[in-house]
Amino acid sequence: MSTPTSPIARYNFHETEARWQKVWDERQTFRAVMDRAKPKYYVLEMFPYPSGRIHMGHVRNYTQGDVIARYKRARGFNVLHPMGWDAFGLPAENAAMEKKVHPKKWTYENIATMKTQLKSMGLSLDWSRELATCDPSYYRHQQKMFLDFWNAGLAYRKEAWVNWDPVDNTVLANEQVIEGKGWRTGAPVERRKLTQWNLKITHFADELLSRLDTLGRWPEKVRLMQANWIGKSRGARVFWQLTDGSGAASSKKDWGKLEIFTTRPDTLYGASFMALSPEHPLTAELALKDPGLQHFIAECRKTGTAAAEVETAEKQGYKLPLLAKHPLIPGKTVQVYAANFVLMEYGTGAIFGCPGHDERDHEFAIKYGLPILPVVAPADADLKSFSVAQAPFIEDGVIINSDFLNGLGVEEAKAKVIARLEEMGVGKGTTQYRLRDWLVSRQRYWGCPIPAIHCDKCGVVPVPAKDLPVKLPDDVTFDKPGNPLDRHPTWKHVDCPKCGGKGQRETDTFDTFIDSSWYFDRFTSPGLETAPFDRQENEYWMPVDQYIGGVEHAILHLLYSRFWTRAMREVQMTSRDEPFDGLFTQGMVCHETYRATDGTWLMPEEIERVDGSKVVRLSDRTPVEVGRSEKMSKSKKNVVDPDQIIRDYGADTARWFMLSDSPPERDLEWTEAGVTGAWRFQQRLHRIATTALAEVPPAGAPKPAQFSDAATALRRAAHKTIAGLTADIEAFHFNKAVARLYELASSIDSAKAAGDDSLKWVLREALEIFVRLIGPMTPHLAEELWQALGHRSLLAEQPWPLPEDALLVDDTVTVAVQLNGKLRGTIALPKDAPKEAAEKAALVQPDLVRGLEGRTPKRVIVVPNRIVNIVV
RNA sequence: GCCCCCGUGGCGGAAUUGGUAGACGCGCCUGACUCAAAAUCAGGUUUCCUCACGGAAGUGUUGGUUCGAGUCCGACCGGGGGCACCA
């Protein structure tokens, strides 16, 4: 990579960028102070994990946020734009094991490095509010909130089958298992039965779902993903009386009622079997005396949860010595099975099988030779030939073979059967959610300690508030796998706060997603020791007006944060429901991949393009295979270091490139050509401005009474750019904003003022507008030019320019003339010319006349200021 | 399997409510400057026919609605994302 240089390139970005960063810093330009007289605007980008160095994804994310922050500041808002560190997490522990460096040291060193890097980008951040989640002054409040939630019944311990990541040696929340694999390690998760801490996110399931509709400034896609994740289903619980089906006449045991959940109570008359989850308590009870069942349960457990395995896994059942009495058909009983496809975590862990109208039940019934009765038929079906023997019918239709439901539609039948079940006391209409409670225990060291103490006598006891924070011990070892806290010689041994007897600290730590579920609240009062935040400050600044981050957090982080806010509301810490008013999800930064002949991946700087198309390896000139553009990742080496780009081209160039061309929500391809293009434009701008400056009148020169045509044209261009660009920034159309700025730059560049004094004045006006408009995007260059224009103030503190409305509309418009909808030519008309005039002018347009070939128009359609269509 | 999004020049992408398709940038071509190169500046650049004027076709394919479709509707093809034995 080489820096393009030229004798004309006088703009020294190195010196300039450092100088203005220092000025902003010293003058605390971006410090946010509560001021009720001013409207506030809270801009936040998802805070980084301090992994070592910033990457291009950060550069893109923070550039976008900074454009908004600087723009809103110019619009008169009191802007809060803070930065912090999502500092707990496994990579720190992995580094400890691999590099023998303490996680704390590793983390804080990374923070220092990355802070320097972020500062070199010239971001308008209020660094006085910086926080790190691994700091006890942060997590003490988190521990306190957890105790409050616990007290309010929102946190609890439960033994359950959980997802275990065998590589990271910890449990994972449901949201952290992607296609049956751990979200970080990609290792297939294992099932383990453990007692773990959970947060009751399901308590808010309905609200988390219904409130999505009110998040108007969130991407539709994210709301949809959350809605699917919460997964609301309407249906019924139905109670089936169990009886002994073993054939033993003497058995008198009362097996009680089996509760099942179904979304299709309308198909109850088609029931042919019952199925229990292998993990269902009743299955376990029966297994005690049945080695065959024990074996079956063990086999089911072996099958992984990976998508591929589940897809191919055959339906397996184990016949239990039980029959279930049909709640609606007197005298009818069906066989009860344990079945591998029934999930314990959903509904009641038990189902009724209706093979006629469910694919899984159908497959099961075929395998075990169970009856398949149709109870729903298509409205137009011939009932004599209609059959579900080959395949289930799962669409809407008309109920048949179902007594009092016959003839009804599916939805009507559902309502009617639920009413009947409730009447008879054998069922109940219910709503079921797919969402599970949030499992927050992690068997790891580098996280926030869970403030609980286990006592043999008192059970699990909360750590008293006065003893917070429960600090992580520093003296831990990483020489063995497992949780260093658990094997620490002294840390966990404490007295029970309740009885004073011997107790043991909880050695699990919190899921780090808790840390990021309230940091935006902490930014409103970062130094406060007595509480997570000051209520007044919090109510002034929150909610976040614009949140920006990757779509990969569409469910995890965003859903957890929405939950945490509600949990805080439940314990009267806030009255707010939602933390993020506006959300924008930015695309990834991609780059081509390169492979050497031996198959190894190559870094972009290890290759060279020859003759435009051929690519060779720099070191030995061997050919290189160019792969498609993919997300920058260390494993494929297609990464470009932001530091190097900023060093070679400057922060403004990096920022400008990030905003150009690609719409911000889409993936961006990083190319060398694109960067040099952005760099050249910075140089060109500086040249255009300094050249024009030689001609323009001084700042504050009186406005001319009259403008020449050329001057008016440039004024129009400049003022239209203000209006267009303002709308573009509001709509996150940064690529279009950039295109407008290119156009205005060209207009300024081509304006030749020689002898035209009004144009000279306009040249200054246009330059001033231009410099203000690029301020949010390339702040250093803008500040430099602002000063060159003769201002002593800081551009960062200047208001946004407003367009003169009169200059936004043209006197004449170009109207297209069409013949049968095809363009023939154009005519110039005064704006808002009457329809008759437009029609008259169009009918004599030469290209149209030729196209008409003497035919008479049948009809003429006139769209004012746009089009005249002549139909023959 | 279910749900959702997207297909526009060589490339990234523009295109209010249906109303002049290809803004702007990159790349490429030609020219100017230069001993030369780089940089810079000027012009050109959807395809086909034509010296030109001009004309024809054209937004994944296909059918439809309309005076008029990149935009709306149907079917299909291709790419991407989410969920996934959720009863």
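Below, chains carry the letters A, B, ... as their sequence lines are ordered, and counting in each starts from 1. For clarity, every value in this text was computed on a predicted model and none was experimentally measured.
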Atom pairs under 3.5 Å: protein N/O with N/O of nucleotides 50-55 of chain B:
unit_1	atom_1	unit_2	atom_2	d
B:rG54	O3'	A:Arg850	NH1	3.4

Table of protein N/O atoms under 3.5 Å from nucleotides 31-33 of chain B N/O atoms:
none

Protein-nucleotides 11-14 of chain B N/O pairs closer than 3.5 Å?
unit_1	atom_1	unit_2	atom_2	d
B:rG12	O2'	A:Ser662	OG	3.1
B:rG12	N2	A:Asp661	OD1	2.9
B:rG13	O3'	A:Asn735	ND2	3.4
B:rA14	OP1	A:Asn735	ND2	3.4

Under-3.5 Å N/O pairs linking protein and nucleotides 44-47 of chain B:
none

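Note on ring orientation: taking the six-membered ring where Trp is involved, the planes of A:Tyr368 and A:Phe364 are tilted (angle from 30° to 60°). A tilted orientation is assigned to the rings of A:Phe732 and A:Phe734, their planes being inclined by 30° to 60°.
Separating the CZ atom of A:Arg687 from the P atom of B:rA39 is a distance of 13 Å, rounded to the nearest angstrom. The separation between A:Arg866 atom CZ and B:rG19 atom P is 7 Å, rounded to whole Å. A:Glu220 places its CD atom 11 Å from the P atom of B:rC6, with the value rounded to the nearest Å. Distance, A:Arg191 CZ to B:rC85 P: 11 Å, rounded to whole Å.
A donor-acceptor pair under 3.5 Å is formed between the side chain of A:Asn340 and the backbone N or O of A:Glu314. Formation of a donor-acceptor pair under 3.5 Å by the A:Arg562 side chain with backbone atoms of A:Leu208 is found in this model. Here the side chain of A:Arg60 pairs no donor or acceptor atom with the backbone of A:Gly57 at under 3.5 angstrom.
Of the P atoms belonging to B:rU30 and B:rG82, the separation is 46 Å, rounded to the nearest Å. Between B:rG54 and B:rU17, the distance separating the two C1' atoms is 35 Å to the nearest Å. If you take atom P in B:rU62 and the same atom in B:rA57, they sit 15 Å apart, rounded to whole Å. A distance of about 16 Å separates the P atoms of B:rG25 and B:rA15, rounded to the whole Å. Rounded to the nearest Å, the gap between the C1' atom of B:rU20 and that of B:rA32 is 34 Å. One C1' atom belongs to B:rC24, the other to B:rU34, and the distance between them is 31 Å to the nearest Å. To the nearest whole angstrom, the two C1' atoms, one in B:rA84 and one in B:rC3, are 11 Å apart. Straight-line distance between the C1' atoms of B:rG9 and B:rU66: roughly 28 Å, to the nearest whole Å.
Evaluation of the salt bridge (charged side-chain N to carboxylate O under 4.0 Å, His left out) rule for A:Glu411 yields A:Lys414 as partners, not counting sequence neighbours. In this structure A:Glu220 satisfies the side-chain hydrogen bond (donor to acceptor under 3.5 Å, both in side chains) test together with A:Arg223, sequence neighbours excluded. Under the rule for a salt bridge (charged side-chain N to carboxylate O under 4.0 Å, His left out), A:Glu669 has no partner lying at least two apart in sequence or in another chain. For A:Glu175, there are no salt bridge (charged side-chain N to carboxylate O under 4.0 Å, His left out) partners, not counting sequence neighbours. For A:Glu665, there are no salt bridge (charged side-chain N to carboxylate O under 4.0 Å, His left out) partners, not counting sequence neighbours.
Minimum atom distance to the side chain of A:Arg434 is reached by B:rC86, of the listed B:rC86, B:rU20, B:rA57. Side chain of A:Trp229, nearest nucleotide from B:rA87, B:rU40, B:rA84: B:rA84. Nearest to the side chain of A:Phe341, among B:rA21, B:rC85, B:rA84, sits B:rC85.
The partner of B:rA52, taking Watson-Crick or G-U wobble pairs whose two distances both stay under 3.5 Å, does not exist in any strand shown. B:rC72: Watson-Crick or G-U partner is B:rG64, with both key distances under 3.5 Å. Using the Watson-Crick or G-U wobble rule with both distances under 3.5 Å, B:rA37 pairs with nothing in any strand shown. B:rU59 is unpaired under the Watson-Crick or G-U wobble criterion, no partner having all donor-acceptor distances under 3.5 Å. With a cut-off of 3.5 Å on both pairing distances, the Watson-Crick or G-U wobble partner of B:rG78 is B:rC6. Look at B:rA42: its Watson-Crick or wobble partner, with both distances under 3.5 angstrom, is B:rU30. Base pairing of B:rU17 is not made with any nucleotide, judged by Watson-Crick or G-U wobble geometry with both donor-acceptor distances under 3.5 Å.
A cation-pi arrangement is present between A:Lys315 and A:Phe341, with the terminal nitrogen or guanidinium carbon under 6.0 Å from the aromatic centre and inside a 45° cone about the axis.
For B:rG44, the O4'-C1' to base torsion is more than 90° from 0; the nucleotide is therefore anti.
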(Q) So if I define the base as every atom that isn't primed, P, OP1 or OP2, how would nucleotides 64-74 of chain B read as a B/S/- string at a heavy-atom cutoff under 4.0 Å? (A) ---BS------
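Within a 6.0 Å sphere centred on NZ of A:Lys720, heavy atoms belonging to other residues, nucleotides or ligands number more than 12. Atom CD of A:Glu730 is surrounded by more than 12 heavy atoms from other residues, nucleotides or ligands within 6.0 Å.
In this structure, A:Val817 reaches neither bases nor backbone, as no heavy-atom distance under 4.0 Å exists between it and the strands shown. Contacts of A:Thr814 with the nucleic acid, taken as non-hydrogen atoms under 4.0 Å apart, include base atoms.
A:Trp218 places a side-chain heavy atom less than 4.5 Å from the side chain of A:Leu558. Side-chain contact between A:Val862 and A:Glu836: absent, with no pair of heavy atoms (C-beta onward) separated by less than 4.5 Å. A heavy-atom distance below 4.5 Å is found between the side chains of A:Tyr11 and A:Asp652. In this structure, A:Trp670 and A:Val675 have side chains that are in contact, with non-hydrogen atoms separated by less than 4.5 Å.
Looking at A:Arg436, its side chain comes within 3.5 Å of the base of B:rC86 through a donor and an acceptor atom.
For B:rC86, neither phosphate oxygen OP1 nor OP2 lies less than 4.0 angstrom from any side-chain nitrogen or oxygen of A:Thr263. Phosphate proximity of B:rU40 to A:Arg684: absent, as no side-chain N or O sits under 4.0 Å from OP1 or OP2. Residue A:Lys822 has a polar side-chain atom (N or O) positioned under 4.0 Å from OP1 or OP2 of B:rA57. Within the structure, every side-chain polar atom (N or O) of A:Tyr742 is placed at least 4.0 Å from both OP1 and OP2 of B:rG25.
Nearest-nucleotide assignment on RNA chain B puts the 5′-proximal partner with A:Gly825, out of A:Gly825 and A:Glu175. Nucleotides of RNA chain B nearest to A:Tyr346 and A:Arg740 differ in position, and the one nearer the 5' end is that of A:Arg740.
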Side-chain atoms of residues 819-834 of chain A: list all donor-acceptor pairs with protein atoms under 3.5 Å, sequence neighbours left out, distances to 0.1 Å.
unit_1	atom_1	unit_2	atom_2	d
A:Asn820	OD1	A:Val872	N	3.0
A:Asp832	OD1	A:Asn865	ND2	2.8

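The list of side-chain hydrogen bond (donor to acceptor under 3.5 Å, both in side chains) pairs with a residue in residues 734-745 of chain A, not counting sequence neighbours, reads A:Trp656-A:Tyr742, A:Asp728-A:Arg740, A:His733-A:Lys736.
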